[in-house]
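Because the structure is predicted, anything quoted here is derived from the model rather than measured. Letters A, B, ... are given to chains in the order of the sequence lines, protein chains preceding strands, and every chain is numbered from 1.
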2 protein chains.
Amino acid sequence: MHEKKFLNIYNELALKIREKTIVAGELLPPESDLCERYQVSRETVRKALALLSRNGYIQKIQGKGSVVLDVSRFEFPISGLTSFHELATHSEEEWQTVVNQLVVIKPYQKMRQVMNLKENQNLWKVIRSRMIGGETVILDTDYLVMDSVPILTEDICRNSIYDYLENELHLKISFAKKQITVESPSEEDKRYLTLSNETSVVVIRSLVYLDNAQLFQFTESRHRADKFRFVDFARREHL
Amino acid sequence: MHEKKFLNIYNELALKIREKTIVAGELLPPESDLCERYQVSRETVRKALALLSRNGYIQKIQGKGSVVLDVSRFEFPISGLTSFHELATHSEEEWQTVVNQLVVIKPYQKMRQVMNLKENQNLWKVIRSRMIGGETVILDTDYLVMDSVPILTEDICRNSIYDYLENELHLKISFAKKQITVESPSEEDKRYLTLSNETSVVVIRSLVYLDNAQLFQFTESRHRADKFRFVDFARREHL
DNA sequence: TAGTGGTCTAGACCACGTG
DNA sequence: ACGTGGTCTAGACCACTAT
């Protein structure tokens with residue numbers, strides 16, 4: 001079975017760059033060398049390098065080679081599609097999740113429109129506080145389509161919903177449309193978030209889709225503004 | 001000359017999807033059909049489809065086909081690496097840029113560190129107000145390395161620096177590291193931005209690099225919080 | 001079983017940067 | 001001139017979905 005050789009190459013090189021086994025500013029071995037070393041065709045090597053380039057590990061320069069970039073300044077990407085649990089476990093700090101609410105609801109009119117739901121589709125509603133050092137700095141509200149997620153427990157919510165969905169239910173979470181705005185704190189924010197002098201809350205609203213392009217989740221993640229930070233690597237597209 | 005057939009295919013299909021010539025929910029023609037229609041090999045078609053997928057136009061489903069996604073909900077991406085001028089000209093509304101300051105500076109200690117500059121490298125400093133309906137809602141401060149940009153005029157800054165860099169100087173802007181935070185208004189914000197009750201400003205700091213992986217720009221873009229909106233399409237990476 | 005996308009290959013030719 | 005990456009090709013085999 002052809003099993004994603006290009007990913008192995010990507011991961012191996014990405015690790016070496018992160019761990020500075022390959023130093024920023026240096027050149028990667030030429031593609032022909034990598035072909036030999038990994039015993040693969042050139043297109044396969046190039047797939048791996050394209051991924052490294054997209055994710056900010058290298059800059060390819062025609063006629064010269066692949067320059068390794070300094071990747072240290074943007075660890076901790078809230079960019080992309082990553083669950084809180086995955087971020088927290090890679091973090092130095094001690095995070096804690098508190099489940100405030102876990103109920104089944106009939107979606108009201110507006111929610112049905114936003115999520116494009118049928119009449120009889122019910123939703124899980126989960127409200128969770130993300131705490132650090134005794135303070136609640138993130139308040140997450142998730143709505144999950146019950147057709148896709150028939151069973152959900154407080155225990156799962158305290159641990160990681162995404163882990164449960166992917167490893168237990170074998171759902172394939174695929175993509176999301178996200179929107180970030182800054183708003184005044186709502187009543188719920190005032191109730192759950194530890195707001196000091198903060199007068200603003202950063203709100204990330206996401207529509208999350210499965211593998212088969214089916215919507216299964218709407219999330220509203222509300223961050224205390226002073227604890228919010230979004231880091232991103234962007235390439236200029238010449239289309 | 002092999003001149004990016006896959007980009008032509010990408011652009012043609014992307015346009016059809018944006019203009020709803022191909023409707024969301026439908027399937028794209030199979031790859032084999034596209035090979036015939038465009039008279040290209042399958043890998044070339046697949047490069048175009050991979051781009052469409054990355055940019056949120058389609059979802060590929062193995063054994064089934066490429067489902068067209070609803071692309072309407074996220075026009076106006078501040079995501080990626082796009083200049084204000086490019087956004088403004090695609091907008092319905094009437095934007096205006098005012099150049100508040102255009103000077104050459106010797107970078108102070110901290111700036112030299114952040115931008116990793118040599119002792120003798122000077123910078124252009126440009127401060128610009130972005131106005132809409134008589135209100136200044138964005139305040140941009142750019143620092144440009146003079147080695148890369150020897151000449152800069154108020155006229156260029158009022159129009160579009162990026163346009164000048166790419167089309168006149170033929171610099172190839174390639175990638176950026178960006179960071180978004182929410183902060184209290186600074187003295188300069190209070191002077192230039194039209195702040196009503198706003199107590200927060202969204203700050204986007206970017207390090208921008210050329211083609212050859214050389215840093216040439218640092219930008220601080222400060223947005224009135226109520227006018228800020230960031231829209232993004234993200235794929236979950238299974239690496 | 002037929003048709004779709006997913007991965008890989010071996011080879012070709014072109015464009016760019018360096019010596 | 002040489003070595004590098006950039007693009008494209010024609011073909012192979014596998015995995016998944018539909019019927």
Side-chain angles (χ1 to χ4, degrees), chain A residues 1-11 13 25-54 57-69 170-172 174-175 210-214 235-239, chain B residues 1-11 13 25-54 57-69 170-172 174-175 210-214 235-239:
Chain A
M1 174 166 55
H2 290 183
E3 199 48 32
K4 299 193 176 173
K5 304 187 186 180
F6 77 93
L7 264 192
N8 295 333
I9 302 172
Y10 167 82
N11 282 320
L13 293 174
E26 303 283 305
L27 290 176
L28 240 45
E31 297 179 349
S32 54
D33 285 21
L34 294 172
C35 291
E36 279 208 6
R37 184 196 305 181
Y38 292 103
Q39 286 297 301
V40 297
S41 73
R42 186 158 163 241
E43 284 293 354
T44 300
V45 163
R46 287 179 57 73
K47 263 199 220 173
L49 296 186
L51 246 191
L52 289 170
S53 171
R54 268 210 279 143
Y57 285 99
I58 63 171
Q59 173 72 1
K60 310 188 81 181
I61 303 177
Q62 193 173 33
K64 197 168 176 193
S66 297
V67 182
V68 175
L69 300 178
H170 301 292
L171 296 178
K172 279 163 197 159
S174 184
F175 63 92
L210 298 175
D211 207 352
N212 56 6
Q214 205 184 349
R235 286 199 169 272
R236 184 154 173 85
E237 306 238 40
H238 299 281
L239 308 175
Chain B
M1 175 168 50
H2 290 185
E3 199 48 30
K4 299 192 177 175
K5 303 188 186 180
F6 77 94
L7 264 192
N8 295 333
I9 301 173
Y10 167 82
N11 282 320
L13 292 175
E26 305 282 305
L27 290 177
L28 239 46
E31 296 179 349
S32 54
D33 285 20
L34 294 172
C35 291
E36 280 209 4
R37 185 196 303 180
Y38 292 102
Q39 286 296 303
V40 297
S41 73
R42 187 161 161 238
E43 284 292 354
T44 300
V45 163
R46 285 178 57 73
K47 262 198 220 172
L49 296 186
L51 246 192
L52 289 170
S53 171
R54 267 209 280 143
Y57 285 99
I58 63 171
Q59 173 71 2
K60 310 188 81 182
I61 302 178
Q62 192 174 34
K64 197 170 175 190
S66 298
V67 182
V68 175
L69 300 178
H170 301 293
L171 296 179
K172 280 163 196 158
S174 183
F175 63 93
L210 298 175
D211 203 333
N212 54 7
Q214 204 185 348
R235 287 199 167 272
R236 183 152 173 87
E237 305 237 41
H238 299 283
L239 308 175

(message) Measuring only between side-chain heavy atoms, which start at C-beta, is A:V40 closer than 4.5 Å to A:I9?
(response) yes
(message) So A:Q59, base contact, sugar-phosphate only, or nothing? Heavy-atom distance under 4.0 Å.
(response) nothing
(request) Taking the side chain as every heavy atom from C-beta outward, state whether B:L13 and B:I58 have any pair of such atoms under 4.5 Å apart. (result) no
(request) Check the distance between D:dT4's P and A:L27's CG and give it to me in whole angstrom. (result) 10 Å
(request) Report yes if a side-chain nitrogen or oxygen of A:K60 is closer than 4.0 Å to either non-bridging phosphate oxygen (OP1 or OP2) of D:dT4; otherwise report no. (result) no
(request) Indicate whether OP1 or OP2 belonging to D:dT9 is found under 4.0 Å from a side-chain N or O atom of B:T44. (result) yes
(message) For B:E31, is there any backbone N or O sitting under 3.5 Å from a side-chain donor or acceptor partner on B:R46?
(response) no
(message) Counting only side-chain heavy atoms from C-beta out, which of D:dA18, C:dC8, C:dG5 sits nearest to A:F6?
(response) C:dC8
(message) Just the rounded figure in Å: distance from P of C:dC16 to NZ of B:K4.
(response) 10 Å
(message) Judged by each residue's nearest nucleotide on DNA chain C, which is more toward the 5′ side, B:K172 or B:D33?
(response) B:D33
(request) For residues A:Q59 and B:D211, determine if any side-chain heavy atom of one lies less than 4.5 Å from a side-chain heavy atom of the other. (result) yes
(request) Please answer whether the main-chain N or O of A:L239 pairs with a side-chain N or O of B:N11 as donor and acceptor at a distance below 3.5 Å. (result) yes
(request) Nearest whole angstrom, please: distance from the P of D:dG6 to the CD1 of A:I58. (result) 9 Å
(message) If you compare every side-chain N and O of B:K5 against the phosphate oxygens of D:dT9 (OP1, OP2), does one of them come in below 4.0 Å?
(response) yes
(request) May I ask you to evaluate whether B:S41 reaches the phosphate of D:dG11, defined as a side-chain N or O under 4.0 Å from OP1 or OP2? (result) no
(request) Nearest whole angstrom, please: distance from the P of D:dG6 to the NZ of A:K64. (result) 14 Å
(request) Could you tell me the separation between the OH atom of A:Y10 and the P atom of C:dC8, rounded to a whole number of Å? (result) 16 Å
(request) Find the distance A:D211:CG to D:dC16:C1' and express it as a whole number of Å. (result) 11 Å
(request) Select from B:S32 and A:K47 the residue whose nearest nucleotide in DNA chain C is closer to the 5' end of that strand. (result) B:S32
(request) Establish whether the base of D:dC14 is bridged to the side chain of B:Q62 by a donor-acceptor pair shorter than 3.5 Å. (result) no
(message) Between P on C:dG5 and CZ on B:R42, what's the gap in Å once rounded to a whole number?
(response) 7 Å
(request) Would you indicate what B:I61 reaches in the nucleic acid, counting non-hydrogen atoms under 4.0 angstrom: base, sugar-phosphate, or nothing? (result) sugar-phosphate
(message) On DNA chain D, compare the nucleotides closest to A:E43 and A:G63; which residue's is nearer the 5' end?
(response) A:G63
(request) Establish, with yes or no, whether the OP1 or OP2 oxygen of D:dG6 is under 4.0 angstrom from a side-chain nitrogen or oxygen of A:R46. (result) yes
(message) Measure CG/A:L34 against P/D:dT4 and give the value in whole Å, please.
(response) 11 Å
